[in-house]
Amino acid sequence: MAAVCPGREPAQLGGGVKHQVALDDQGVVCVRVIGPSTPAEVTAVGDAMLVAFAQSSPCLVLIDLGQAKLNIDRGTREALQPYASRLVWDRMAVFGVSHFNRMMFRIVLTVLGMAGKARFFDTEQGARAWLQEAPAQSA
């Protein structure tokens with residue numbers, strides 16, 4: 001499987017976490033979600049995102065949900081809560097999303113209070129193009 005950001009090694013999340021987080025050459029925080037997420041994986045990805053966010057200004061995030069199986073159970077929501085005030089980005093582009101996963105990811109964005117700063121795209125190219133636009137054009 002290709003890395004989430006070509007040419008960049010994803011952060012080592014440990015504990016058998018299959019998801020990937022990396023900062024690409026353009027300063028975009030790239031996240032690939034693979035399969036379902038346990039509360040421990042949510043915590044590992046959240047921590048890795050915080051580290052990457054500190055290196056990205058403006059904070060642009062690219063999320064690949066093409067291989068995700070989102071399960072937003074009570075444990076997952078509880079694992080997300082501590083990140084609600086800390087995972088703050090300028091723009092997030094999400095791609096590779098089925099209609100069901102789009103609904104589920106909107107719940108995640110709402111829990112984080114960041115739904116207004118995210119858009120969904122059919123392709124990675126469309127998502128990256130929107131992220132690289134000047135902020136005035138994204139409104």
Side-chain angles (χ1 to χ4, degrees):
M1 169 189 357
V4 64
C5 290
R8 291 290 183 118
E9 193 64 32
Q12 296 301 314
L13 303 180
V17 175
K18 58 205 166 294
H19 313 304
Q20 299 175 349
V21 178
L23 186 67
D24 75 7
D25 294 332
Q26 297 174 334
V28 175
V29 177
C30 304
V31 180
R32 177 176 288 151
V33 179
I34 302 166
S37 296
T38 66
E41 290 173 322
V42 168
T43 299
V45 169
D47 288 345
M49 289 176 72
L50 288 172
V51 170
F53 280 21
Q55 302 170 50
S56 176
S57 181
C59 190
L60 305 176
V61 185
L62 180 70
I63 305 282
D64 177 356
L65 294 179
Q67 300 174 54
K69 291 185 172 80
L70 299 179
N71 57 329
I72 312 297
D73 60 15
R74 183 179 180 168
T76 303
R77 284 191 310 274
E78 288 174 355
L80 280 169
Q81 258 336 113
Y83 297 96
S85 64
R86 300 185 310 163
L87 285 178
V88 178
W89 54 83
D90 294 295
R91 288 194 283 172
M92 174 183 281
V94 183
F95 72 96
V97 190
S98 69
H99 292 293
F100 178 77
N101 278 350
R102 184 179 298 217
M103 281 186 340
M104 298 304 287
F105 200 68
R106 283 192 194 277
I107 293 169
V108 170
L109 293 171
T110 300
V111 167
L112 294 174
M114 296 295 289
K117 294 187 175 191
R119 290 200 185 165
F120 292 88
F121 297 87
D122 292 330
T123 66
E124 179 177 357
Q125 293 77 17
R128 283 186 176 276
W130 177 72
L131 285 174
Q132 297 303 326
E133 286 179 0
Q137 297 172 344
S138 68

Look up atom [atom1] in [X] and atom [atom2] in [Y], then write down how far apart they are to the nearest 0.5 Å.
{"X": "Arg128", "Y": "Gln132", "atom1": "CZ", "atom2": "CD", "result": "7.5 Å"}
{"X": "Lys69", "Y": "Ile34", "atom1": "NZ", "atom2": "CD1", "result": "11.5 Å"}
{"X": "Leu131", "Y": "Arg119", "atom1": "CG", "atom2": "CZ", "result": "10.5 Å"}
{"X": "Met92", "Y": "Ile63", "atom1": "CE", "atom2": "CD1", "result": "4.0 Å"}
{"X": "Arg32", "Y": "Leu62", "atom1": "CZ", "atom2": "CG", "result": "9.5 Å"}
{"X": "Cys30", "Y": "Met49", "atom1": "SG", "atom2": "CE", "result": "10.5 Å"}

Could you tell me which non-hydrogen atom of [X] sits nearest to which non-hydrogen atom of [Y], and how far apart they are?
{"X": "Thr76", "Y": "Ser37", "value": "OG1-O, 3.7 Å"}
{"X": "Pro82", "Y": "Glu78", "value": "CD-O, 3.3 Å"}
{"X": "Ala115", "Y": "Thr110", "value": "CB-OG1, 4.2 Å"}
{"X": "Ser56", "Y": "Val29", "value": "CB-CG2, 3.9 Å"}
{"X": "Val42", "Y": "Tyr83", "value": "O-CE1, 4.4 Å"}
{"X": "Phe121", "Y": "Ala93", "value": "CE1-CB, 3.8 Å"}

Would you sort out whether Leu60 and Gln26 count as a side-chain contact (heavy atoms from CB on, under 4.5 Å), showing the intermediate values?
CA-CA 10 Å; Leu60 305 176; Gln26 297 174 334; over 6 Å; no
With a 4.5 Å cut-off on side-chain heavy atoms, are Thr123 and Phe95 touching?
no
Answer yes or no: is there a side-chain heavy-atom contact under 4.5 Å between Phe105 and Leu65?
yes
Taking the six-membered ring for Trp, are Trp89 and Phe53 parallel (under 30°), tilted (30 to 60°) or perpendicular (over 60°)?
perpendicular
Hey, any chance Val31 and Val51 share a hydrophobic cluster, counting ILVMFWY side chains that come within less than 4.5 Å of each other, even indirectly?
no
